[in-house]
Amino acid sequence: MKTLTLTAFTALLGSAAMAQDITGDATEGEAQFARQCVSCHIVANDDGEVLAGRNGKIGPNLHGVIGRQPGAVEDFRYSDAVIAYGELAPADDLTGAAPTGDDYETVVWGIDNTVAYLQDPTSFLREALDDPRARSKMAYKVRDEQAAHDITAYLATFSPEFEAEGEMEGDDEAMSDEDTAADDMSTETDEMETHSETETAN
């Protein structure tokens with residue numbers, strides 16, 4: 001796969017930003033993580049227990065990465081571009097891929113921006129920051145878009161608070177939609193019965 005130009009990359013993000021609920025297959029993501037990520041990354045909890053990976057220390061620990069501000073792992077030296085990205089307000093992410101809402105004062109790694117970043121880290125940061133000189137220390141690219149979705153879904157399993165929050169909001173919205181539909185149907189039924197009674201009386 002050729003390196004994406006910024007124009008092509010913007011088009012890729014345009015489709016990704018419209019699909020925040022696409023999370024991929026976490027089981028397949030675990031296999032992809034073992035193939036593509038373990039040479040540089042581990043997933044280790046607060047007690048230091050390694051939950052995924054082996055000895056990869058080139059990149060930061062990815063435990064809790066979904067929902068975390070970019071550049072936030074202590075004692076890891078990030079690129080200036082990643083730190084700058086993490087300091088943006090969500091609305092200032094020019095890719096439009098960062099999660100937005102009242103809960104986010106700064107950019108955090110969500111579904112869409114993680115998927116896009118995995119596919120081309122440097123191009124993503126250049127687009128997000130509008131800086132052609134921005135660079136990521138992560139040179140590796142996940143070549144297959146579905147694999148990027150799957151890896152992101154797998155990483156989300158180590159961020160239960162972020163995942164649960166999204167699920168709760170989705171469930172509440174779904175319930176609200178169902179309740180509205182039920183009320184509308186009940187109203188229509190009442191109107192039909194009233195209309196029928198009126199016709200019979202006439």
Side-chain angles (χ1 to χ4, degrees), residues 1-17 19 22-45 50-86 88 93-95 97-99 107-159 162:
M1 176 179 170
K2 296 180 180 178
T3 301
L4 294 170
T5 64
L6 288 180
T7 302
F9 194 66
T10 303
L12 172 87
L13 287 173
S15 62
I22 297 176
T23 56
D25 182 335
T27 301
E28 178 60 25
E30 182 176 10
Q32 291 292 339
F33 184 89
R35 288 190 203 107
Q36 302 197 56
C37 309
V38 294
S39 61
C40 295
H41 294 279
I42 61 169
V43 177
N45 63 20
V50 176
L51 307 176
R54 297 188 294 271
N55 298 313
K57 298 290 180 68
I58 296 173
N61 176 12
L62 297 180
H63 188 267
V65 66
I66 305 300
R68 185 169 73 204
Q69 182 180 6
V73 173
E74 294 183 5
D75 301 325
F76 184 82
R77 296 186 64 183
Y78 292 92
S79 69
D80 292 340
V82 167
I83 293 172
Y85 180 59
L88 291 179
D93 173 5
L94 297 181
T95 68
V107 163
V108 300
W109 290 120
I111 302 301
D112 290 348
N113 55 353
T114 302
V115 168
Y117 180 82
L118 288 174
Q119 291 177 82
D120 194 334
T122 288
S123 288
F124 176 84
L125 291 173
R126 288 178 178 178
E127 181 75 9
L129 300 169
D130 192 24
D131 180 359
R133 294 179 296 178
R135 296 194 67 82
S136 171
K137 287 185 176 181
M138 180 172 160
Y140 187 82
K141 300 174 185 178
V142 176
R143 303 288 180 174
D144 180 73
E145 182 178 356
Q146 186 58 50
H149 278 283
D150 294 340
I151 291 169
T152 302
Y154 176 59
L155 293 175
T157 66
F158 300 104
S159 303
F162 181 88

**Q** Considering non-hydrogen atoms only, spot the tightest contact between Gly29 and Tyr154 and give its length.
**A** C-CB, 3.7 Å
**Q** Partners of Arg54 by salt bridge (charged side-chain N to carboxylate O under 4.0 Å, His left out), sequence neighbours excluded?
**A**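 Expected list: none.
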**Q** Testing the basics here: between Gln146 and Gly24, what is the closest heavy-atom pair and its distance to 0.1 Å?
**A** NE2-CA, 4.1 Å
**Q** Keeping Thr95 on the side-chain end and Glu127 on the backbone end, is there a donor-acceptor pair under 3.5 Å?
**A**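 Pair absent, no side-chain N/O of Thr95 close to backbone of Glu127.
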**Q** Is Asp150 reaching over with its side chain to a backbone N or O of Asp25, donor-acceptor style, under 3.5 angstrom?
**A** yes
**Q** Within the structure provided, determine whether Tyr85 and Leu88 are in side-chain contact (heavy-atom separation under 4.5 Å).
**A**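 The answer is yes; the side chains approach within 4.5 Å.
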**Q** Got a second to check how far Lys141's NZ is from Ser136's OG, nearest 0.5 Å?
**A** 11.0 Å
**Q** Which label fits Tyr117 and Phe124: parallel for a plane angle under 30°, tilted from 30 to 60°, or perpendicular past 60°?
**A**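 Correct class here is perpendicular.
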**Q** Run the ring pair (Phe, Tyr, Trp, His ring centres under 6.0 Å) test against Phe76 and tell me which residues pass, sequence neighbours left out.
**A**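 For Phe76 the ring pair (Phe, Tyr, Trp, His ring centres under 6.0 Å) partners, ignoring immediate neighbours, are Tyr78.
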**Q** What closest approach, in Å, do Gly53 and Phe33 show between heavy atoms, and which atom pair accounts for it?
**A**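 The pair with the smallest heavy-atom distance is N-CE2, 4.0 Å.
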**Q** Is a side-chain donor or acceptor of Gln119 paired with a backbone partner of Val115 at a separation under 3.5 angstrom?
**A** yes
**Q** For atom CG of Asp80, is the number of surrounding heavy atoms from other residues, nucleotides or ligands below 6.0 Å larger than 12?
**A** no
**Q** Roughly how far apart are Leu125 CG and Ile83 CD1, rounded to 0.5 Å?
**A** 11.5 Å
**Q** In residues 65-75, what donor-acceptor pairs under 3.5 Å come from side-chain atoms, sequence neighbours left out?
**A**
from	atom 1	to	atom 2	distance (Å)
Arg68	NH1	His63	O	2.8
Arg68	NH2	Asn61	O	2.9
Gln69	NE2	Gly86	O	2.7

**Q** Restricting to non-hydrogen atoms, name the atom on Thr152 and the atom on Gly110 that form the minimum distance, rounded to 0.1 Å.
**A**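 Closest approach of Thr152 to Gly110, heavy atoms only: CG2-O, 4.3 Å.
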**Q** Are any non-hydrogen side-chain atoms of Lys57 and Ile42 less than 4.5 angstrom apart?
**A** yes
**Q** How close do Ser123 and Asp120 get, heavy atom to heavy atom, and via which atoms?
**A** OG-OD2, 3.1 Å
**Q** Can you tell me how far NE2 of His149 sits from CG of Asp112, rounded to the nearest 0.5 angstrom?
**A** 7.5 Å
**Q** Whether the side chain of Lys137 engages the backbone of Arg77 through a donor-acceptor N/O pair (distance < 3.5 Å, no angle test) should be reported.
**A** yes
**Q** Can you tell me which residue among Ile58, Leu155, Leu62 is in a side-chain contact (heavy atoms from CB on, under 4.5 Å) with His41?
**A**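 For His41, the side-chain contact (heavy atoms from CB on, under 4.5 Å) check succeeds only for Leu62.
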**Q** Shortest non-hydrogen contact from Ala134 to Arg126?
**A**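 That closest heavy-atom pairing would be O-NE, 2.8 Å.
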**Q** Going by the side-chain contact (heavy atoms from CB on, under 4.5 Å) test, name the single residue among Val107, Val108, Leu118 that passes it with Asn113.
**A** Val107
